[in-house]
Amino acid sequence: MFAAPATASVDTLPALNAYARARLADSEGALGVAVKSYRTALELDPSSSEIARRSYFQGLESGDKALALRSAELLDAEAILPRDGTLLRLGDALVRKDWAVAHRLVTRMEGEGNFAFLGPILTSWISLGEGRYAVPVIDPKDRFATLARRYVDEHLAFQTLAQRNPQEAVPAVARALAAAADGAGLRLALAAQFAALGDRANALALLPDGQAIFAQARADIARGKGRKAGVLTPAEGFARLVARLASDISTQEDSAALGVRLARIASFADPGNAEIRVIVARLLTLASYPAFAVAEAQAVPPDNWHHAMAQDELVDALAAAGEQPQALALARSLAATPGADAQRQIRLGRLLSEEKDFAGAAAAFKAAQAGFAPDAIPWPLLLFEGSALEQGGRWEEARAVLERAAKIAPDEPVVLNYLGYAQVERRQNVEAALALLRKASALKPLDASISDSLGWAQFVAGDARGAVPVLEQAVIGAPDDATVNEHLGDALWSVGRRYEARYAWSAAATFAEGERAERLAAKTREGLKPEYAAP
């Protein structure tokens, strides 16, 4: 149930009805219908802070700038504007080139605390707009100095380019790229700036040859076409900063919604920026709004330098939206593009795994390794390949690949767990597998899947009594896992705790399907017989 936004009267009933429709659509994930209804409710009752609050969040998540700003204005008047609302209003002031308001909002943001570390960079962008540029200065004594330094070189580079000094920007560009976790978008954006200033040499130097993601940009620059976009404005600099923050925040658990809001705020300040659109698409997929993500990714035109990045995000968005055939067809096409990177092969491999095409998945994961020297292949790529081979019934090939992964990464619990458990399942090298699983458990003692693997290995090795407490710990960490509960039930039965065993099997049956469900039903009725043992 949800509460009415205010005590209803005859005058407020239409707004209440629209609000109720919005809340219902919101709860069902129908974001488009929800936003339309919130917009109507706010128009009918602009004094309702509850409607304004809901409208604010939905306006941001859906990309409705007018609704978000109107809601923010109402919430601010009542001193209940969320902290990211200060950024929303700041972006709007920068778009309008209202430098005085922008300064006041930066000061307010610094006082509020949440985004205070952005202050020096944003103040610097404002000074550029005012025509009295001052470089961003990070106070080393500031408790947020480390955070601010993550972004400052990137903006120093763009600000130097905005003053049409490409050669002076080169050192800051190098530092910014060194600090960037995923620098493809940054490279394209910087190359566009250099190209716009006529510096083709530095533009091309930013874009490694032979990579599909940079092919369009390199071709345009080589033809002297370049980008028509001029140097960055303060609003565009603000947009880059907030979009980068949104992307970084979304790597943290339970921060997808905030990431989407920040990315939308960035897009409002620079609506023509395709890189930001790509970020919005990625974060919408993470936040479980795949239909909106599809629309964002598809809006990047084929001749845009960020089109290749948008296509990668489109694959993920289509898959999340349940459009597997379209996602898979596009993933195949992208993986076959000359210069396709490992990530495209991985994306294809994962989609093929979901479709149970394990042979195709293994081939894709193998193809992802092509760009690495044999002794420098990242262990996750070997784990992906080994997993696909194992699931595809090619165990001997899988074991060889998984053993290579374990040799490269002897202290990675996920590798040790997979290799150890796969052998236990096949009742092969059980003692050696136990050693792998004990090491994995020591490295990650709170991981329920590893505890389950170790406990089951102990049971298979004949130590049912020692397995029980380990499997009980696994169930605490994964109470809704059918495999873990079944394993515990088998171990409990074997040590004579039969009532508890049936309870564990019943719990497992709640989450089981197919052959497992039939086996659990038989065990619950008749007890543990050899033919009913978990595999």
Side-chain angles (χ1 to χ4, degrees), residues 383 386-387 389-391 393-407 409-479 481-509 511-512 515-516 519-520 522-524 526-535:
L383 178 61
S387 172
L389 290 168
E390 186 265 338
Q391 292 178 84
R394 296 157 65 183
W395 167 239
E396 291 305 320
E397 295 173 74
R399 185 172 65 180
V401 173
L402 292 168
E403 286 173 347
R404 283 180 64 198
K407 186 175 180 180
D411 294 320
E412 285 295 339
V414 65
V415 175
L416 302 175
N417 182 55
Y418 200 108
L419 178 57
Y421 186 74
Q423 292 180 93
V424 169
E425 277 190 311
R426 291 163 176 81
R427 309 305 192 259
Q428 293 180 357
N429 307 317
V430 173
E431 289 302 321
L434 258 171
L436 292 173
L437 294 169
R438 287 193 180 102
K439 183 175 181 181
S441 183
L443 290 165
K444 205 170 183 181
L446 299 181
D447 188 296
S449 64
I450 294 175
S451 294
D452 173 62
S453 298
L454 176 58
W456 189 240
Q458 289 174 287
F459 177 79
V460 168
D463 183 13
R465 196 164 301 280
V468 167
V470 180
L471 290 168
E472 286 176 330
Q473 186 64 36
V475 167
I476 291 172
D481 189 294
T483 299
V484 176
N485 278 286
E486 182 178 13
H487 286 168
L488 176 59
D490 286 14
L492 287 167
W493 183 276
S494 298
V495 298
R497 294 163 62 179
R498 299 191 169 184
Y499 175 81
E500 294 170 90
R502 284 193 165 93
Y503 182 86
W505 289 330
S506 296
F511 311 104
E515 182 181 332
R516 185 188 299 276
R519 184 173 66 243
L520 286 164
K523 280 197 275 200
T524 303
E526 305 170 33
L528 182 60
K529 296 181 178 180
E531 60 268 30
Y532 300 152

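Note that the structure is a prediction, hence the values are computed from the model and not measured.
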| field | Short side-chain to backbone donor-acceptor contact, S506 and R502, under 3.5 Å | value | yes
| query | What pair of heavy atoms forms the shortest contact from S451 to P445, and how long is it? | reply | OG-O, 3.8 Å
| Given side chains that start at C-beta, do those of V484 and W456 come closer than 4.5 Å, heavy atoms only? | no
| message | On a heavy-atom basis, which atom in P413 and which in L443 lie closest, and how many Å separate them? | response | CG-CB, 3.7 Å
| Nearest atoms (heavy-atom pairs only) where G527 meets Y532 | O-CD1, 3.6 Å
| request: First locate atom CG of N417, then atom CG of L454, and finally report the distance between them rounded to the nearest 0.5 Å. | output: 9.5 Å
| query | When you measure from the side chain of K439 to the backbone N and O of P410, does any donor-acceptor pair fall under 3.5 Å? | reply | yes
| field | Between CZ on residue F511 and OG1 on residue T483, distance to nearest 0.5 Å | value | 12.0 Å
| request: For E531, look at atom CD and say whether over 12 heavy atoms of other residues, nucleotides or ligands are found less than 6.0 Å away. | output: yes
| message | If you compare all heavy atoms of A482 against all heavy atoms of A508, which two are closest, and at what distance to 0.1 Å? | response | O-CB, 3.4 Å
| request: Kindly give the heavy-atom pair with the smallest separation between L520 and A512, and that separation in Å. | output: CD1-CB, 3.7 Å
| task | Verify the neighbour count for atom CZ of R427: are there more than 12 heavy atoms of other residues, nucleotides or ligands below 6.0 Å? | result | yes
| request: Please tell me if the side chains of L402 and V415 come closer than 4.5 Å, counting only heavy atoms from C-beta onward. | output: no
| request: Kindly say whether A422 contributes a backbone atom to a donor-acceptor pair with the side chain of R426 at under 3.5 angstrom? | output: yes
| Any sub-3.5 Å donor-acceptor pair from N429's side-chain atoms to A432's backbone N or O? | no
| field | N485 side-chain N/O to D481 backbone N/O, donor-acceptor pair under 3.5 Å | value | yes
| remark: In this structure, CD1 of I450 is separated from CG of L416 (nearest 0.5 Å) by 8.0 Å
| message | What's the separation between atom OH in Y421 and atom CG in L437, rounded to the nearest 0.5 Å? | response | 10.0 Å
| query | Should K523 and D490 count as side-chain neighbours, where that means a heavy-atom distance under 4.5 Å? | reply | yes
| query | Out of curiosity, L419 CG to R399 CZ, how far, rounded to the nearest 0.5 Å? | reply | 8.5 Å
| field | Single hit among Q473, E500, E472 for side chain to side chain contact (heavy atoms under 4.5 Å, CB included) with L488 | value | E472
| said: When you measure from the side chain of D452 to the backbone of H487, do you find a donor-acceptor pair of N or O atoms at a distance under 3.5 Å? | reply: no
| request: Compare all side-chain heavy atoms of E390 with those of Y418 and state whether any distance is below 4.5 angstrom. | output: yes
| Minimal non-hydrogen separation, G466 against D463, with atom names | N-OD1, 2.9 Å
| Min side-chain heavy-atom separation L528-S494 under 4.5 Å | yes
| said: How long is the straight-line distance from CH2 of W505 back to CD of E486, given to the nearest 0.5 Å? | reply: 8.5 Å
| Would you say Q423 and L436 make side-chain contact, with heavy atoms under 4.5 Å? | yes
